[in-house]
Asker: 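Pasting a structure below so you can have a look.
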Amino acid sequence: MKRINISNAAIMLGIFLSLIIALGTGISIKVLRDKAIRDWSQQASNIALILAENTAQQMTTAYLALDDIADRIKAKTPADDKALRALIGSEDFFQIMAAKAANSPQIDVATVVAQNGDVINFTRKWPAPKINLAERDYFKAHHGDAKLGVLVSDPVRNKGNGKWTFYISRRLNDPQGNFIGMVLLGISTDYYSDFYERISMGGKAAFILLRDDFTILARWPMFDDILGKKNLTGTTYKVIHDQQRSEGVLITDAPRLSSNSEPGHTRMGAVRMVKKYPLIVNFTIDEDVYLGAWRATTRVILIVAASSIIALLLAFTLLVRALRKNEQNLLTTIGLKQDAEQSNNEKSILLENLSRNQQALTDSSEHMAAILNNAPDAILITDAAGLIISCNRAAEQIFALPAQAINAHAVNTLILDLNLDLSPDAKINHEHVAKRGSGVNFPCELSTANFQLSGQQHQVIILRDISERKKMERAKTEFISTVSHELRTPLTAMRGALGLLRGGVVGALPKIGADMLEMAYKNTEVLTRLINDLLDIQKMEAGQMEFKLSAVKLGGLIEDACQSNQAYATQFGVNIVIDGDIPELAVCVDEGRFQQIMANLLSNACKFSPADSCVTVSAHQIGELICISIRDQGQGIPLDFQDKMFQRFAQADSSDTRKVSGTGLGLSITRDLVTLMHGKISYESKAGEGTCFFISFPIAA
C-alpha cells in the first residue's frame with residue numbers, strides 16, 4: 001500500500017512542477033513585456049526629442065530668413081501700397097529673396113503680398129504671375145490684427161505648384177502703422193514627409209508635425225485628407241491637452257484620424273513640443289514594432305516551457321509506470337530482491353539528476369556565450385595580474401586583433417595608462433585612451449567591476465569606442481567657432497556705421513528714422529553679445545581661454561562694475577548701490593573677466609527688478625575668501641526652474657522672463673568663468689522676496 005502512495009505522490013509532484021514551470025513562464029513573459037515597453041518608451045522619447053530639436057533648428061533658419069526679408073523692406077520705408085509695389089517688385093529684390101530661400105531646403109517659396117492680396121514678388125518666377133491671396137487665412141489674420149507677430153498658417157495647396165505648403169508670415173505697415181502688405185515663407189510639407197520617410201524604420205513608424213492647436217501640418221505616411229485638420233483624439237492631444245505636459249509617451253488603441261488606418265490598432269506615440277515655436281512633433285510606432293522582439297522571445301519561451309512540461313510529464317509518467325510495475329513485482333519477491341530493486345531505482349534517479357544538472361550547466365554556458373558574443377561593446381576579463389584571459393567578438397573588431405592575440409596580453413598594453421584596482425568595491429567609469437592592433441590610439445569609455453572566481457580576484461572591463469562621437473563634437477565646436485567669427489566681422493562694421501549715424505554724422509534724422517536706427521543699433525548690440533557668448537563657450541570647451549590673474553583691489557573692482565552698469569540699470573528705472581563698506585583687500589582674478597561676471601549678474605538683477613527699486617552690492621570676508629553679494633527686489637526664481645539655472649540656453653517660462661530679452665547663456669558662462677578663476681558661485685531665492693547671487697574668490701597673498 002505504501003508503494004502505491006509513492007506513485008501517487010510522484011503524479012502530484014509532476015503536476016506541481018508543471019504548474020511551477022507554467023507560472024514561471026507567465027511571469028517571465030510579463031516581465032519581458034514590461035521591459036520591452038519601457039525600453040521602447042525611452043527610445044521613442046529620444047527620437048521625438050531629436051525630431052523636435054531638428055524642427056526647431058529648421059524653423060529658426062526660416063524665421064531668420066523671414067525677418068531678414070521683412071527688415072529689408074522696412075528699411076526701404078515704403079509710404080503706402082503703391083510705394084511697396086514699386087520698391088519690392090524689382091528683379092534685384094527677387095534675387096535677394098531667392099538667395100534667402102535657397103539657403104534652406106525646407107523653404108519652398110518666399111513671397112511679398114500687397115495690400116489687396118496681390119503677389120508683388122515671389123521666388124519661383126520674375127516677374128510674379130497674377131496671383132491673389134486675399135482669401136488665405138494668414139492674409140486675413142494679419143490684415144485684421146496689427147499686433148499679430150509671426151503666424152504659422154494652416155497647410156494649403158500652393159497656387160504656384162499645387163503642392164501642400166504651410167506658411168510663416170509677418171505683417172508690413174506704412175510709417176503710420178497701417179497695413180500695406182505682408183511677407184510670407186512657404187514651408188514645404190513634402191520636405192518634412194520625405195525627411196520622415198527616410199527615418200521611418202522601414203515604414204514601421206509614423207511621424208506627424210502639428211501646430212500647437214493640434215492642426216496637422218505634415219505627416220508620413222502622407223494622407224491628403226487629414227492635412228489641415230485638428231486631431232483632438234490622438235496621443236498628441238491626450239499628452240499636451242489632457243495631461244498638460246510638454247512631452248510624453250503614451251500607448252493607445254483609439255481610432256486614428258486617418259481614414260486609411262485600422263480602427264482600434266494599438267500603438268505607442270511619443271509627443272514633444274518644439275521649444276520657442278508653436279509646433280508639436282509626434283513619433284508613433286505600431287505594437288508589432290515595440291513588441292516584435294518580445295513576441296519572438298515569448299514564442300521561444302513558450303516552446304521551451306511546453307517542451308519542458310511535456311518532457312517532465314512524460315518522465316513522470318514513465319517513472320510512475322515503472323514504480324507501479326516494481327510495486328507489483330516487489331509484492332512477490334523476497335526482501336533481498338526488494339532491496340536490490342530499490343537500490344537500482346535510487347541509482348537511476350541519481351543518474352537522471354546528474355544528467356539534468358549537466359544539461360542545465362551546458363545551457364547556461366551557451367546562453368552566457370551568446371550574450372558576450374552579441375554585445376556591441378568590447379568585454380575583457382582579466383586576472384589579478386592584469387592579464388586578459390577572455391574577450392568577446394566586439395573586442396576583436398574594436399581592437400582589430402584576433403582573440404588569440406588579445407588573450408594573455410597585459411590589459412594596459414591595449415588600454416593605455418590603466419591602473420587596475422581589484423578591491424571589491426573598486427569601479428572605473430570614465431573616458432580613456434586605447435590602442436588598436438595597428439598602433440592607432442582611439443578614445444573610449446570604460447566601466448569595470450570586480451568579482452571572484454574559484455577564490456581568485458578577477459575584473460570585467462566593458463569598453464565602448466567613442467571615436468565617431470568625438471569627431472561629431474569637434475565638428476560642432478569648429479562650426480560654432482567659424483560661424484561666430486564670420487558673423488562678428490560684418491556685425492562690427494554694421495554696428496560702427498549705425499553708431500556714426502546715431503552720433504549725427506549725417507545730421508539729424510526724422511523721428512521715425514531715428515527710432516528705427518536706435519532699434520537696429522540695439523539689435524546689433526544683442527547680436528554682438530550673443531556672438532561673444534558663443535565664442536566664450538567655445539574657448540572654454542576647447543580649453544583655450546586665457547586668464548591674466550593678478551592681485552586687484554576689491555573696492556575698485558566693485559565700484560567700476562557698479563558705475564559701468566548704472567546706465568543699463570537706468571533703462572529699467574533701477575539704481576545700483578553699494579551696501580556697507582568694501583573690505584580693504586585684494587583678490588586674485590582676471591580683471592576683465594571679473595567685470596564680465598559682474599556685468600552678467602548686475603544686468604540680470606536689473607532686468608528682473610521692479611521700477612524705482614535698488615540692486616544692492618556688498619562684500620565681506622569669510623576665512624580665506626571674499627564673498628560678493630548681488631541682491632535684487634524682483635519676484636524671485638520659479639521653484640521648478642532653479643535646477644536649470646546654470647544650464648545653457650535655459651530661461652524660466654514665466655510672464656516676467658518673457659518681458660526681458662536674453663539668450664540663456666549668461667549664467668552658464670558666469671559659472672564657468674568663476675570656476676576657472678578658482679571661485680565659487682551660488683544663489684538663494686524666495687518667491688516674492690527677490691534673489692541674491694553670491695560669488696567668492698581667494699584673497700590675494
Side-chain angles (χ1 to χ4, degrees), residues 525 528-529 532-533 536 540 545-637 645-646 660-662 665-686 689-701:
E525 288 184 327
T528 300
R529 287 197 298 271
N532 288 336
D533 286 347
D536 283 345
M540 286 187 283
M545 178 166 284
E546 297 180 356
F547 290 89
K548 298 179 180 179
L549 300 178
S550 61
V552 188
K553 289 292 185 180
L554 180 64
L557 287 175
I558 293 180
E559 289 177 2
D560 289 346
C562 294
Q563 291 174 5
S564 60
N565 287 279
Q566 181 57 53
Y568 180 80
T570 303
Q571 301 176 28
F572 301 94
V574 176
N575 192 32
I576 301 176
V577 297
I578 298 176
D579 183 16
D581 296 330
I582 303 300
E584 294 293 331
L585 296 171
V587 289
C588 185
V589 295
D590 182 309
E591 187 170 356
R593 294 301 179 184
F594 179 87
Q595 293 298 339
Q596 182 179 354
I597 291 169
M598 291 297 292
N600 283 342
L601 296 177
L602 287 172
S603 62
N604 270 355
C606 293
K607 285 191 294 185
F608 293 101
S609 292
D612 301 324
S613 65
C614 292
V615 171
T616 58
V617 181
S618 61
H620 57 282
Q621 181 179 356
I622 302 177
E624 298 299 321
L625 299 175
I626 286 292
C627 181
I628 303 167
S629 306
I630 299 94
R631 184 179 297 277
D632 63 48
Q633 299 176 17
Q635 292 300 311
I637 301 168
M645 278 290 295
F646 295 106
V660 296
S661 61
L665 293 173
L667 285 178
S668 175
I669 293 173
T670 298
R671 178 198 58 188
D672 293 342
L673 290 175
V674 170
T675 302
L676 290 172
M677 289 195 293
H678 313 295
K680 296 180 180 179
I681 184 170
S682 60
Y683 69 92
E684 62 181 22
S685 180
K686 293 183 180 180
E689 298 183 13
T691 300
C692 184
F693 276 86
F694 306 96
I695 54 174
S696 57
F697 293 99
I699 298 173

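For clarity, every value in this text was computed on a predicted model and none was experimentally measured. Just the heavy atoms: all of them, side chains too, but no hydrogens, waters or symmetry mates, feed the values below.
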Asker: Suppose we screen for salt bridge (Lys or Arg N to Asp or Glu O under 4.0 Å). Which residues come up paired with Glu559, at least two apart in sequence or across chains?
Answerer: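 Per chain and number, Glu559 pairs via salt bridge (Lys or Arg N to Asp or Glu O under 4.0 Å) with no residue.
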Asker: Rounded to the nearest 0.5 Å, what separates atom OG1 in Thr570 from atom CG in Asn565?
Answerer: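 Nearest 0.5 Å value for the OG1-CG distance: 10.5 Å.
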Asker: What's the shortest heavy-atom distance between Asp590 and Met677, and which atoms?
Answerer: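 Closest approach of Asp590 to Met677, heavy atoms only: N-SD, 3.3 Å.
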Asker: What are the two closest heavy atoms between Ser696 and Leu625, and how far apart are they?
Answerer: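 It is OG-CD1, 4.2 Å.
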Asker: Check the pair Ile582 / Lys553 against side chain to side chain contact (heavy atoms under 4.5 Å, CB included), numbers first and verdict last.
Answerer: CA-CA 10 Å; Ile582 303 300; Lys553 289 292 185 180; over 6 Å; no
Asker: Can you tell me how far OG of Ser685 sits from CD1 of Ile637, rounded to the nearest 0.5 angstrom?
Answerer: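 That separation rounds to 4.0 Å.
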Asker: From Met598 CE over to Phe693 CZ, what is the distance, rounded to the nearest 0.5 angstrom?
Answerer: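 Between atom CE of Met598 and atom CZ of Phe693 there are 12.5 Å.
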Asker: To the nearest 0.5 Å, what is the distance between CD1 (Ile695) and CD1 (Ile597)?
Answerer: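 Ile695 CD1 to Ile597 CD1: 6.0 Å, rounded to 0.5 Å.
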Asker: Looking at Gln566 and Val574, would you say the former's side chain and the latter's main chain have a donor-acceptor pair under 3.5 Å?
Answerer: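 Such a contact is found between Gln566 side chain and Val574 backbone.
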Asker: Quick check: closest heavy atoms across Gln633 and Pro610, and the distance to 0.1 Å?
Answerer: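 Heavy-atom minimum between the residues: O-CD, 3.3 Å.
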Asker: Go through it in stages, so that I can follow the logic: the residues are Leu557 and Phe697, the test is side chain to side chain contact (heavy atoms under 4.5 Å, CB included), and I'd like the CA-CA distance, side-chain angles, deciding distance and then a yes or no.
Answerer: CA-CA 13 Å; Leu557 287 175; Phe697 293 99; over 6 Å; no
Asker: Less than 4.5 Å apart, side chain to side chain, heavy atoms only: is that true for Ile630 and Asn604?
Answerer: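 When only atoms from C-beta onward are counted, Asn604 and Ile630 do not touch, as no gap falls below 4.5 Å.
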Asker: Atom CD1 of Ile628 and atom CD1 of Ile681: how far apart are they, to the nearest 0.5 Å?
Answerer: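 Between atom CD1 of Ile628 and atom CD1 of Ile681 there are 10.5 Å.
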Asker: Going by heavy atoms in the side chains, are Phe694 and Lys680 under 4.5 Å from each other?
Answerer: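 They are not in side-chain contact.
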Asker: Hey, does Arg631 have a side-chain heavy atom less than 4.5 Å from the side chain of Glu684?
Answerer: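 Glu684 vs Arg631: side chains touch.
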Asker: If you look at every heavy atom in Ser618 and Asp579, which pair is closest and at what distance?
Answerer: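 Nearest heavy atoms, Ser618 then Asp579: CB-O, 3.4 Å.
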Asker: With rounding to the nearest 0.5 Å, note down the distance linking CZ in Phe572 to OG in Ser603.
Answerer: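 Going from CZ on Phe572 over to OG on Ser603, the span is 8.5 Å.
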Asker: Compare every heavy atom of Ser629 with every heavy atom of Cys692, then report the nearest pair and how far apart it is.
Answerer: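 It is SG-CB, 3.9 Å.
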Asker: Going through the checks in order, is the side chain to side chain contact (heavy atoms under 4.5 Å, CB included) test met by Arg593 and Leu676?
Answerer: CA-CA 10 Å; Arg593 294 301 179 184; Leu676 290 172; over 6 Å; no
Asker: Taking all non-hydrogen atoms of both residues into account, name the closest pair between Cys614 and Val577 and its distance.
Answerer: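 For Cys614 versus Val577, the nearest heavy atoms are CB-CG2, 4.3 Å.
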